[in-house]
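The structure under discussion appears below in the form of structure tokens.
In the text below, chain A, chain B and the rest are named by the order of the sequence lines, each starting its count at 1. Any value given below was found using the heavy atoms of this structure, including those in side chains, with hydrogens, waters and symmetry copies removed. Values in this document were obtained by computation on a predicted structure and should not be read as measured data.
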There are 2 protein chains.
Amino acid sequence: MLDATPRYAQLHIRTGSRHPREQDRRTVTDTARSTTRYGTRPTMKDVAARAGVGLKTVSRVVNGEPGVTPDTERRVQEAITALGFRRNDSARVLRKGRTASIGLVLEDLADPFYGPLNRAVEEVARDHGALLINGSSAEDPAREQELVLALCARRVDGLVIIPAGTDHRYLEPEIAAGVATVFVDRPAGEIEADVVLSDSFGGARDAVAHLIAHGHRRIGFIGDQPRIHTAVERLRGYRAAMDEAGLPVDESWVALGSTEPERVRSAAEAMLDGPAPVTALFSGNNRVTVTVVRVLAGRPRPVALVGFDDFELADLISPGITVVAQDAARLGRTAASLLFRRLDGADEPPQQRVIPTRLIPRGSGELPPPA
Amino acid sequence: MLDATPRYAQLHIRTGSRHPREQDRRTVTDTARSTTRYGTRPTMKDVAARAGVGLKTVSRVVNGEPGVTPDTERRVQEAITALGFRRNDSARVLRKGRTASIGLVLEDLADPFYGPLNRAVEEVARDHGALLINGSSAEDPAREQELVLALCARRVDGLVIIPAGTDHRYLEPEIAAGVATVFVDRPAGEIEADVVLSDSFGGARDAVAHLIAHGHRRIGFIGDQPRIHTAVERLRGYRAAMDEAGLPVDESWVALGSTEPERVRSAAEAMLDGPAPVTALFSGNNRVTVTVVRVLAGRPRPVALVGFDDFELADLISPGITVVAQDAARLGRTAASLLFRRLDGADEPPQQRVIPTRLIPRGSGELPPPA
DNA sequence: TAACGTCTGGACAACGTTGTCAATTCTGGC
DNA sequence: GCCAGAATTGACAACGTTGTCCAGACGTTA
């Protein structure tokens, strides 16, 4: 699929590789290619020919290496400007072995949760002189793998992965070959690797404890698919808080599954209108929260709510939505920094970093249960 | 700066380029490099040696070309698996001339407005077998140029640019050399190029006309910096609507400038408490809207508001925020499609596409002026 | 003036892949 | 068993760059 063969035509047919017999040696005066032909970029050879110097001298000027007289340098610079030369980093990369680029694979570039993470990774990459190639796995393990391997084929120096799959053994040869790899938000499956996580367990426990502290005893949890690590951790936090308060958990109060609005809506309604109706809800991520807020807005009786993930304007809804905020930018920054530490040669065993979460009370989580 | 020289150490020192005199010719039995050394990837040569076949045969197998007997293919596949070989697309790119990657330069990867655009561009790229390299200009023309030129040096096949600068002549040699380029959201400066825009003028006019239709006569406009094209267009739309209704515009009702909350807050307060207080506000983009909503939430008297750009949960704030919605995904899709049409050889003059906007009434824009 | 070191510039190989083309092996028909 | 023709395979150059090494030019010193 993503195999560096573009699925679009060559804009301009190459002139066919010259056979050695037909290709006369370029002389200094040969300027056949010096005229900027559309679709053909000048090379250092062209610049050298035009400036009347050797190939390596052009290379020296382009890279600011010493050992070139000011006069020669000027001539070369003129030729560069005249031809519109720009160094071909593909060739450079091939020669040097490092691409100065890293890959970021996340679930969905359009999800606002990943925006700050994406940006944070980009900034760290930039600080290290690297570019960022990224793509969405769409929460599909096969697509994740395809994307990751395409990035490896491009020889990215490192990878930041928010995994969709649960088996990352396919990465073993790549890691062995020196591709630094850091997982974010969820741990890698079946391999040892650096991970940077949010404190899902602690955050969830805090959230539910908060609701309990405000008098709730029947609390529902609507979370993401159980194959997603954070969903399981948050469920664990939910159970821990209930447990610590000595509260029983009716199994109808727990619903893990897709974050489709339809599914979330019916799960919420089942909990609110079931035989053991909940008085408060804990929603497992921002997509769930959004739908739950909509459901609750249409109900006469107020229902307490705490959501995992902060979101813009959560304070302006009435009541303000109490959330457990993750620091997505810090997740990204931490992951990228770890990655570059590895690329700088840090040779420690795989690490796991946990980024704390923060409960932000805004009103919805402080609603008391109905009397 | 971003010149493909990573600012991090080489993890593993290369063995120094072998001088021809010291380098004996590899024979079929030479497997020195076949043992997977950490940091050194096997090449087709290694695979060929291990499988006991020629280099080209490996290439054929890797690329699924015909003309290889099943038996040979099997041997090669075994060698590939055993060595953990993966084709080096850098080298492939150098040979083939196309990189199967495109660049996307936008203002801020973390801005939720660009999420769907980013994703849409990615999807189209994926459909064409290309990867996406992206970066943020941070609304800084110098950084935009640096990033764009770094992408050109990597020989991306095409560029999608949300421009920060106003002079893009620096791109002329690149475009002449065949880099397809499409600008989005704002037109290119000083050069002819494809552009995909939202209908800022029409959207703004609709928004203001909507407020006028609900009885407002004194309407304020808070927008982005005047060097940004969309800000100017939206101002033009604002003036057009006022004009068409025969309403005068007091110059204290118009404030273009940074989208910093501080600036927006003071601009809004000046309009609301000034000598000719406005009864309604039109905010020029989502960042402005967010701050304006906060300002209005702290006021006793309701003030009508229409914002440019939709945002999540705008319907759940009370009153719901009336917005002019842009279709960011469609912007991205249109731009990327245009880009690949160019790469497929479309040789038309530069185009300008305008994507319509849509007014979504939710309450805040339908508030009447105070009696 | 000769010997020596320093500085500048250039020839050449190598990075890992693919395109061209020729050499080799296999097939079937006689 | 032999030959023509097809199928398979491999040698080699080339993509555009950088690292190594050597050749001259130049200046300095004895």
For [X] and [N], give me the distance from atom [atom1] to atom [atom2], rounded to whole Å.
X       : N      : atom1 : atom2 : answer
A:Lys96 : D:dT20 : NZ    : P     : 11 Å
A:Met44 : C:dG9  : CE    : P     : 16 Å
B:Leu55 : C:dC15 : CG    : P     : 12 Å
B:Asn63 : D:dT9  : CG    : C1'   : 16 Å
B:Phe85 : C:dT17 : CZ    : P     : 4 Å
A:Lys45 : D:dT18 : NZ    : C1'   : 15 Å
A:Lys56 : D:dC21 : NZ    : P     : 12 Å
B:Arg75 : D:dT9  : CZ    : C1'   : 11 Å

As a test of reading the structure: which of [options] is closest to the side chain of [X], going by heavy atoms?
X       : options                : value
B:Ala91 : C:dG16, D:dT18, C:dG10 : C:dG16
A:Arg95 : C:dT8, C:dA14, D:dC15  : C:dA14
A:Leu94 : D:dG16, C:dG19, D:dG19 : D:dG16
A:Thr72 : D:dT9, D:dT17, C:dG9   : C:dG9
B:Val68 : C:dG10, C:dT17, D:dT9  : D:dT9

NZ/NE/NH1/NH2 to OD/OE distance under 4.0 Å, [X] and [Y]:
X        : Y        : answer
A:Arg86  : B:Glu172 : no
B:Arg126 : B:Glu122 : no
B:Arg74  : B:Asp71  : yes

Should [X] be listed as having a side-chain N or O under 4.0 Å from OP1 or OP2 of [N]?
X       : N      : value
B:Thr69 : D:dT8  : no
B:Ser59 : C:dT18 : yes
A:Arg87 : D:dT18 : yes
A:Thr43 : D:dC15 : no
B:Thr57 : D:dT9  : no
A:Asn88 : D:dC15 : no

Parallel under 30°, tilted from 30 to 60°, perpendicular over 60°: which one fits the rings of A:Phe340 and A:His128?
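Rings of A:Phe340 and A:His128: parallel, under 30°.
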
N/O donor-acceptor pair, side chain A:Arg60 with base C:dG9, under 3.5 angstrom
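Between C:dG9 and A:Arg60, which were checked side chain against base, a qualifying N/O pair under 3.5 Å is present.
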
So does A:Arg155 reach the base of C:dG16 with its side chain, donor to acceptor, closer than 3.5 Å?
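Not at all, since no donor on one side and acceptor on the other fall under 3.5 Å apart.
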
Are the side chain of A:Glu144 and the backbone of A:Gly165 linked by a donor-acceptor contact shorter than 3.5 Å?
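Yes, A:Glu144 side chain to A:Gly165 backbone: donor-acceptor pair under 3.5 Å.
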
Taking B:His168 for the side chain and B:Gly189 for the main chain, is one N or O donor matched with an acceptor at less than 3.5 Å?
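The answer is yes, because a donor-acceptor pair under 3.5 Å joins these two groups.
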
